[in-house]
Amino acid sequence: MKKYIAIEEEVLVRLVEGKYVEGSLHRDQWTGVITFNAYNRKPKTRPKDRLICALENGWLKESAERIKFFNSVKKELGAVQVSEVMARELETAMNALLREKMVAFRMKTIEEIMDEV
């Protein structure tokens, strides 16, 4: 028994290229024709994080919603030295962040500052 399936041309092109196409097969309620609906799979796109400060053992970055701090120190230094290194790098990162915010603040006009308040 042969059945004909209605497939869009874009889907057929992807199949000819050897790519997989995910979707669903169903019978049209009114016409009785079997149709294939391809799922619209799109990769998530988001802007890359902006590097604020590169550190000796990590980085400080800014995304649209968050400030991100990463630090990785070897265990062999010992707990006390690890604590000192992490505290020092956090201090460096926070100074860089505050410096950047101050520069951005100085570039604003008085009207923009008053709008924020």
Side-chain angles (χ1 to χ4, degrees):
M1 165 169 43
K2 289 186 180 182
K3 293 286 183 181
Y4 294 97
I5 300 172
I7 298 177
E8 296 178 13
E9 188 174 337
E10 299 164 357
V11 174
L12 193 57
V13 169
R14 287 187 54 113
L15 288 172
V16 169
E17 290 175 355
K19 296 181 180 178
Y20 288 95
V21 179
E22 293 182 356
S24 65
L25 278 176
H26 69 278
R27 177 172 288 220
D28 190 301
Q29 180 177 338
W30 308 108
T31 63
V33 176
I34 298 174
T35 58
F36 177 76
N37 285 342
Y39 296 146
N40 188 11
R41 305 276 190 192
K42 292 184 179 177
K44 293 181 180 178
T45 57
R46 63 179 175 90
K48 292 196 174 210
D49 297 341
R50 187 175 62 84
L51 181 68
I52 295 173
C53 178
L55 302 169
E56 185 178 339
N57 297 310
W59 43 256
L60 180 70
K61 292 183 179 181
E62 180 181 24
S63 71
E65 297 179 0
R66 299 182 178 269
I67 301 290
K68 301 174 184 179
F69 173 74
F70 173 77
N71 199 334
S72 176
V73 183
K74 292 183 178 180
K75 286 183 183 178
E76 59 195 40
L77 292 178
V80 175
Q81 280 186 318
V82 167
S83 174
E84 291 173 357
V85 168
M86 286 190 166
R88 183 184 71 231
E89 292 207 354
L90 180 59
E91 182 74 24
T92 303
M94 290 307 300
N95 287 339
L97 178 64
L98 293 174
R99 214 175 309 118
E100 181 179 282
K101 295 299 179 185
M102 290 298 290
V103 168
F105 183 74
R106 287 184 185 146
M107 290 184 172
K108 291 183 180 179
T109 64
I110 293 175
E111 291 80 21
E112 291 173 334
I113 294 170
M114 293 306 289
D115 287 341
E116 289 181 5
V117 175

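Computed from a predicted model, the values in this text were never measured in an experiment. The figures that follow rest on heavy atoms only: side chains count, while hydrogens, waters and symmetry mates do not. Count residues from 1 along the sequence.
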K.L.:
Hey, what do you get for CZ (R88) to CG (L55), rounding to the nearest 0.5 Å?
P.N.:
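Rounded to the nearest 0.5 Å, the CZ-CG separation comes to 10.0 Å.
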K.L.:
Just how far is it from atom CZ of R99 to atom SG of C53, taken to the nearest 0.5 Å?
P.N.:
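The SG atom of C53 is 7.5 Å from CZ of R99, to the nearest 0.5 Å.
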K.L.:
What do you reckon, is CD of E100 surrounded by more than 12 foreign heavy atoms closer than 6.0 Å?
P.N.:
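For E100, atom CD is crowded (more than 12 foreign heavy atoms under 6.0 Å).
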K.L.:
Under a 4.5 Å cut-off applied to non-hydrogen side-chain atoms, are M86 and V73 in contact?
P.N.:
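Side chain of M86 against side chain of V73, heavy atoms only: contact under 4.5 Å found.
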K.L.:
Are M94 and I52 connected in a single hydrophobic cluster, I mean Ile/Leu/Val/Met/Phe/Trp/Tyr linked by side-chain heavy atoms less than 4.5 Å apart?
P.N.:
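Yes; M94 is reachable from I52 via cluster members.
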K.L.:
Drop me the distance from T92's OG1 to E56's CD, to the nearest 0.5 angstrom.
P.N.:
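Reported to 0.5 Å precision, the distance equals 9.0 Å.
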K.L.:
Between E89 and G58, what is the shortest heavy-atom contact and its length?
P.N.:
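Distance-wise, the nearest heavy atoms are OE1-N, 4.1 Å.
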K.L.:
Should K68 and D49 count as side-chain neighbours, where that means a heavy-atom distance under 4.5 Å?
P.N.:
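In short, these two side chains touch, coming nearer than 4.5 Å.
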K.L.:
Could you tell me whether the side chain of V33 reaches within less than 4.5 Å of the side chain of R27, counting heavy atoms only?
P.N.:
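Side chain of R27 against side chain of V33, heavy atoms only: no contact under 4.5 Å found.
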K.L.:
Is the shortest side-chain N to carboxylate O distance from E9 to R14 below 4.0 Å?
P.N.:
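Between R14 and E9 there is no salt bridge, as every charged N stays at least 4.0 Å from the carboxylate O atoms.
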K.L.:
With rounding to the nearest 0.5 Å, note down the distance linking NZ in K61 to CZ in F69.
P.N.:
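K61 NZ to F69 CZ: 13.0 Å, rounded to 0.5 Å.
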K.L.:
Is it true that V85 and V80 fall in one hydrophobic cluster, defined by side-chain heavy atoms closer than 4.5 Å?
P.N.:
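Cluster IDs for V85 and V80 differ.
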K.L.:
Hey, are the side chains of V13 and E10 touching, using non-hydrogen atoms and a 4.5 Å cut-off?
P.N.:
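The answer is no; the side chains never approach within 4.5 Å.
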K.L.:
What heavy-atom pair brings L60 and A93 nearest, and what distance separates the two atoms?
P.N.:
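Looking at all heavy atoms of both residues, the closest pair is CD2-O, 3.2 Å.
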K.L.:
If you measure from NE2 on H26 to CZ on F36, what distance do you get to the nearest 0.5 Å?
P.N.:
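It comes to 11.0 Å.
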K.L.:
T35 versus I5: any side-chain heavy-atom pair under 4.5 Å?
P.N.:
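Side chain of T35 against side chain of I5, heavy atoms only: no contact under 4.5 Å found.
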K.L.:
Take a 6.0 Å sphere around CZ of R50 and say whether it holds more than 12 heavy atoms from other residues, nucleotides or ligands.
P.N.:
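Yes.
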K.L.:
Would you call E65 and R46 a salt bridge, taking side-chain N to carboxylate O under 4.0 Å as the test?
P.N.:
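Looking at E65 and R46, the cut-off is not met.
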K.L.:
So, taking the atom named NZ in K74 and the one named CD in Q81, what distance separates them when rounded to the nearest 0.5 Å?
P.N.:
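Rounded to the nearest 0.5 Å, the NZ-CD separation comes out at 12.5 Å.
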